[in-house]
Protein chains: 2
Amino acid sequence: MRLSEGVEWGLHCCVLLAPLPDGAGLPAKALAEFHGVSESYLVKHLKALVRANVLTSISGPKGGFRLARPASQITLLDVVQGIEGGQPAFRCTEIRRRGPAALGPGAYRLPCMITASMLEAERAWAAVLRNKTLAQLVEELTAKLDPRAIEKTLAWLPAVVRI
Amino acid sequence: MRLSEGVEWGLHCCVLLAPLPDGAGLPAKALAEFHGVSESYLVKHLKALVRANVLTSISGPKGGFRLARPASQITLLDVVQGIEGGQPAFRCTEIRRRGPAALGPGAYRLPCMITASMLEAERAWAAVLRNKTLAQLVEELTAKLDPRAIEKTLAWLPAVVRI
DNA sequence: GGAGTGATACTCGGATATCTGGTGTCCGAGTTTTCGCGG
DNA sequence: CCGCGAAAACTCGGACACCAGATATCCGAGTATCACTCC
């Protein structure tokens, strides 16, 4: 099991966008530069977040990406699922229906118990992420972050921030 | 994010092995036939479970795989991690250390808060799986399973069970 | 008839191909800005 | 000096290569069984 690297990128970008003034955003080029990652590939993930209604994109000069909603209304689950897609990690292929002990197709109205257990675990995973908003995460982060990092970020922002 | 198909196979195999009498096992060929999957590939996953100390393997005729411990002492997490490996799904690449706001290497003694949140979710996921043993799962399963399926399985077992 | 021994058949084990999905990149569509020109 | 217009530059958006890891398979190592032979 492995989460896409894009999840990390997307989360960091959202954390950077969250504290900006209302309506402000950043172009992909700036987001990529700030995190030291490929711009082309980052756009791919940001685009996914736009489709998931987590970000909003604006074209043209002075364009960029910004949060689609207030940071207090975006959960980590929204971001993770926006990039990874909502599909569950465990996917039942119904192997119980094959082999010598298999019954007719009508016999399997109850879901596979193994799948039920695995999905229960995933629900617990999702619950933790759904319980934490971007606003909370940013608050925790700024409290523990090195002041010099905040200072450097604030010094860098004005040249690239949009609107 | 996606779990390997082998996790499903491994869990089903363990569920089939758990109710067998003490010390009894099944050869990979039988396990593969019962679930209608490739034997060669199934062995690869069973081998991983042997390395993880979930199963024990015996070579030669009358050989096969059996649980390494009582079913009440094997958790679903043991099986899942035995096949997937214990690595976390979210892997922090420390992109916070790159880019214009980066500080010196010594400034990052505290773990990345984003990673902390993601790992907290994974711990919740693991806790659910750790909290359910094979014995519990088998009990739930037999209670809800179609009696005809159990009957068919019991009719098929004697010809392939070992020791 | 019984014990020993060799061959055999069956099992697991690791090394080896194939293929899907994540990773990475490029070029095109759209929009705002900006510069130049004319009034 | 002001307004209009066209070109340009910058942005996002989707289509196209590349690579790691999962998927799938084969052949070799090891062992209990079995049959045969000899005592």
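Within every chain, numbering begins at 1; the chains are lettered A, B, ... in the order of the sequence lines, protein sequences first and strands thereafter. The shown structure was predicted, so the numbers you read here are calculated from the model rather than taken from an experiment.
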Walking DNA chain D from its 5' end, the first of Glu39(B) and Arg2(A) to be reached, judged by nearest nucleotide, is Arg2(A)
Determine, using the 4.5 Å side-chain heavy-atom cutoff (strictly less than), whether Leu26(B) and Ile95(A) are members of one ILVMFWY cluster.
yes
In whole Å, I'd like the distance from the OH atom of Tyr41(A) to the P atom of dC27(C).
20 Å
Here's a test of your reading of the structure: between Val50(B) and His45(A), which maps to the more 5' nucleotide of DNA chain C?
Val50(B)
Tell me the stems DNA chain D sits in, counting at least three consecutive Watson-Crick or G-U wobble pairs, each under 3.5 Å on both distances.
C:1-39 with D:1-39
Would you indicate what Ser40(B) reaches in the nucleic acid, counting non-hydrogen atoms under 4.0 angstrom: base, sugar-phosphate, or nothing?
base
Quick one: does Leu134(B)'s side chain get under 4.5 Å of Gln73(B)'s, heavy atoms only?
no
Between dT11(C) atom C1' and Phe65(B) atom CZ, what is the distance in whole Å?
9 Å
Rounded to whole Å, the CG-C1' distance (Leu31(B) to dC10(C)) equals 16 Å
For residues 105-122 of chain A, tabulate all N or O donor-acceptor pairs below 3.5 Å that involve a side-chain atom, not counting sequence neighbours.
from: Tyr108(A); atom 1: OH; to: Arg96(A); atom 2: O; distance (Å): 3.3
from: Tyr108(A); atom 1: OH; to: Leu103(A); atom 2: N; distance (Å): 3.0
from: Ser117(A); atom 1: OG; to: Met113(A); atom 2: O; distance (Å): 3.3
from: Ser117(A); atom 1: OG; to: Lys132(B); atom 2: NZ; distance (Å): 3.4
from: Glu122(A); atom 1: OE1; to: Ala89(A); atom 2: N; distance (Å): 2.9
from: Glu122(A); atom 1: OE2; to: Ala89(A); atom 2: N; distance (Å): 3.1
from: Glu122(A); atom 1: OE2; to: Phe90(A); atom 2: N; distance (Å): 2.8

Sorted by position of nearest nucleotide on DNA chain D, 5' first, the leading residue of Pro61(A) and Leu46(A) is Pro61(A)
Ion pair Arg97(B)/Glu94(B), N-O distance below 4.0 Å
yes
Under 3.5 Å side-chain donor-acceptor pair for Thr93(A) and Glu8(B)
yes
Take Leu17(A) and Leu55(A), measure what side chain to side chain contact (heavy atoms under 4.5 Å, CB included) needs, and give me the verdict at the end.
CA-CA 10 Å; Leu17(A) 291 174; Leu55(A) 298 182; 3.9 Å; yes
Phosphate OP1/OP2 of dG13(C) contacted by Ser59(B) side-chain N/O (<4.0 Å)
no
Calculate the interatomic distance between Lys47(B) atom NZ and dT11(C) atom P; express it in whole Å.
17 Å
Round to a whole Å and report the spacing from CD1 of Ile58(A) to P of dT33(C).
11 Å
Would you name the heavy atoms of Phe34(B) and Pro100(A) that are closest together and state the gap between them?
CA-CD, 3.5 Å
Using a cut-off of less than 4.0 Å, is there contact between a side-chain N or O of Lys62(A) and OP1 or OP2 of dT33(C)?
no
For DNA chain D, note the earliest and the latest nucleotide, 5' to 3', having some atom under 4.0 Å of a heavy atom belonging to chain A.
dC10(D) to dG21(D)
So, for Leu67(A) and Ala18(A), which heavy atoms are closest and what is the spacing to 0.1 Å?
CD1-CA, 3.6 Å
Find the distance Lys44(B):NZ to dA17(C):C1' and express it as a whole number of Å.
11 Å
Would a 4.5 Å heavy-atom cut-off, applied to side chains only, mark Ser4(B) and His45(B) as touching?
yes
